[in-house]
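Read the structure below first, then the notes.
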Amino acid sequence: MTTLFGLCDCNNFYASCERVFDPSLNGKPVVVLSNNDGCVIARSNEAKALGIQMGDPFFKIRNLVEHKHLHAFSSNYVLYGDMSDRVMQTLSLFTPNVEVYSIDECFLDLGNFYDVNLFNYAWEIKRTVTRWTGIPVSLGIAPTKALAKVANKLAKKSAKANGVLVLTEPYHIEKALEATKIEDVWGVGRQYAKFLKNHHINTALDFTNASENWIRKHMTVVGVRLHKELRGESCLELDEVAPPKKGICTSRSFGKKLTTFEDILEATASYAAKCAKKLRNQKSCAKLVTVFVQTNPFSENDRQYYNSKTICMPVATNSDIELIHYATLSLKAIFKPHYWYKKSGVIVTEIVPETQIQFDLLDTVDRDKHNSLMKVMDGLTDRFGRSKVHVAAQGISKSWLLKSDYKSPCYTTRLEDMPTVFI
DNA sequence: TCTGGGGTCCTAGGACCC
DNA sequence: TCTGGGGTCCTAGGACCC
């Protein structure tokens, strides 16, 4: 069977989302910042042209806001998630089999489309997505996922391709591999790129010409899979249904350095509640909860500390109340006074479906009561917005809150102005 | 002053068992 | 004191992705 994959990805996705709702930003340099307005995580083409790099700390480029009319936005994930759904829904009209690979990327199974004019079809997809959602996209089509990635990258880079590239002819595939630097290949990160270049493998084409045994020896079976994929042998299938997550993590840097147990507990309790909500969304429970804390590694004058503690809970749970309880115990075990803390996080693992929980004979928790309480809380959250109802440990001072000074309005959602309720 | 967050997969090595 | 092979499970660490 001959395989054929499309990879559609949104150009400069977060920056494009901000533009959809404020067209006056078109043609101007735009960046979107990470949580806490820490560093740059998305750039419009104009921002790239100013020399701004992915991951640049915002404080180092802040001067460009004034001097180069740079527009900077705090990240607004609710908006981006919503726009992502619209793009994915539009794409799924063009083939029944799609894999949402990330918030801004989607693989399309085009295995049944060999007899249509792929070039025209690709353009139809691109035009429709842009017309219906306002988000510009690029589309690469090729016989394997890794080659579709190559095609997508060139589609974006080449002025001639202008956002669409179909790679089905061996000659075109070879030319594309030759034009792709090894560090730009999907699955080749910084370490492998350095290693491969030391062995005179500078392009994707060089990589396909290396021996499989040599690659297995130095890059494990993952490298071998990539080798096959780039040579046109499809090894990676389309994963239409996302498998349930094996671990869920919520962690943030604080808006400022914290030192008291109470402040850090408030933040950590909130992260525990977020993990519980993520678990409920995927209808599962977790048995292990890990809490970590750390100081700011960039503050060279501060004494540094990192520690984590994992607790195995008696029964797997997805209740805010229980997770906060055990997260608190974990935090108590690792918290040390007189440090300036910058970040904490909660990780839940050993995740099982809600319906397959091992109960404990000595369990004293009224689980039915917890479950119905969580249902009520989720219902209120859905109606009135996030953080309107929560467990008291999450506190009201919120001195740990993230900085988010440049956030755009919630264009696609509306949060009612309701008072916060504690339980 | 100010440097993100959330994931996956693979391997090597140690502990332990028969 | 010396001697073997094979299996499983767990963990830490390293690589990668967006």
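Below, read A as the first sequence line, B as the second, and so on, with proteins coming before strands; counting in each chain starts at 1.
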Ion pair Arg43(A)/Asp56(A), N-O distance below 4.0 Å
no
Does the ring centre of Tyr101(A) sit less than 6.0 Å away from the ring centre of Trp186(A)?
yes
Between the side chains of Asp22(A) and Lys28(A), is the shortest nitrogen-to-carboxylate-oxygen separation below 4.0 Å, so that they form an ion pair?
no
What one should report as the nearest heavy-atom pair of Asn162(A) and Lys126(A) is O-CE, 3.6 Å
Does the side chain of Val188(A) reach to within under 4.5 Å of the side chain of Leu226(A), using non-hydrogen atoms?
yes
Side chain Ser158(A), main chain Lys160(A), donor-acceptor under 3.5 Å:
yes
Atom of His227(A), atom of Phe207(A) and distance for their closest heavy-atom approach:
CD2-O, 3.3 Å
Using a 4.0 Å cut-off on heavy atoms, which residues in residues 282-316 of chain A reach DNA chain C? List them by number, or say none.
none
Here's a test for you: under side-chain contact (heavy atoms from CB on, under 4.5 Å), which of Leu323(A), Ile351(A), Asn318(A) qualifies with Cys285(A)?
Asn318(A)
Are Arg225(A) and Glu229(A) close enough for a salt bridge, meaning some N to O gap below 4.0 Å?
no
Do the side chains of Glu354(A) and Arg280(A) get close enough for a salt bridge, i.e. N-O under 4.0 angstrom?
no
Not counting sequence neighbours, which residues clear ring-ring contact (aromatic ring centres under 6.0 Å, His included) with Trp340(A)? List them please.
none
Between Asp9(A) and Lys156(A), does at least one N-O distance fall below 4.0 Å, as a salt bridge requires?
yes
With Phe335(A) as partner, the option from Phe292(A), Tyr305(A), Tyr341(A) fulfilling ring pair (Phe, Tyr, Trp, His ring centres under 6.0 Å) is Tyr341(A)
Residue-level proximity of residues 3-16 of chain A to DNA chain B when a heavy atom falls under 4.0 Å:
none
Expressed in angstrom and rounded to an integer, what is the separation of Leu33(A) atom CG from dC2(B) atom C1'?
11 Å
Please write out each protein N/O paired with an N/O of nucleotides 6-12 of chain B under 3.5 Å, distance rounded to 0.1 Å.
unit_1 : atom_1 : unit_2    : atom_2 : d
dG6(B) : OP1    : Ser251(A) : N      : 3.4
dG6(B) : OP1    : Arg252(A) : NH1    : 2.5
dG6(B) : OP2    : Ser251(A) : N      : 2.5
dG6(B) : OP2    : Ser251(A) : O      : 2.8
dG6(B) : OP2    : Ser251(A) : OG     : 2.8
dG6(B) : O5'    : Cys249(A) : O      : 3.4
dG7(B) : OP2    : Cys249(A) : N      : 2.5
dT8(B) : OP1    : Lys246(A) : N      : 3.3
dC9(B) : OP2    : Lys246(A) : NZ     : 2.9

Just the rounded figure in Å: distance from P of dT1(B) to NZ of Lys256(A).
17 Å
Under 4.0 angstrom between Ser253(A) side-chain N/O and dT3(B) OP1 or OP2
no
Nucleotide-resolved protein contact map, nucleotides 13-18 of chain C, B/S/- at heavy-atom distance under 4.0 Å
--SSSS
Tyr80(A) and Met83(A): CA distance, side-chain angles, deciding distance, side chain to side chain contact (heavy atoms under 4.5 Å, CB included) verdict:
CA-CA 5 Å; Tyr80(A) 310 149; Met83(A) 292 305 293; 5.7 Å; no
Using a strict cut-off of less than 4.0 Å between a Lys/Arg side-chain nitrogen and an Asp/Glu carboxylate oxygen, indicate whether Glu105(A) and Lys149(A) qualify as a salt bridge.
yes
Quick one: is Lys342(A) getting a side-chain N or O under 4.0 Å of the dT3(B) phosphate, OP1 or OP2?
yes
Atom-pair distance (CD1 on Ile52(A); P on dT3(B)), nearest Å
18 Å
Rounding to a whole Å, what distance do you find between Ile41(A):CD1 and dT3(B):P?
15 Å
Ser34(A) side chain to Cys39(A) main-chain N or O, any donor-acceptor pair under 3.5 Å?
yes
In which stems does DNA chain C show up, taking only runs of three or more Watson-Crick or G-U wobble pairs whose two distances fall under 3.5 Å?
B:5-18 with C:5-18
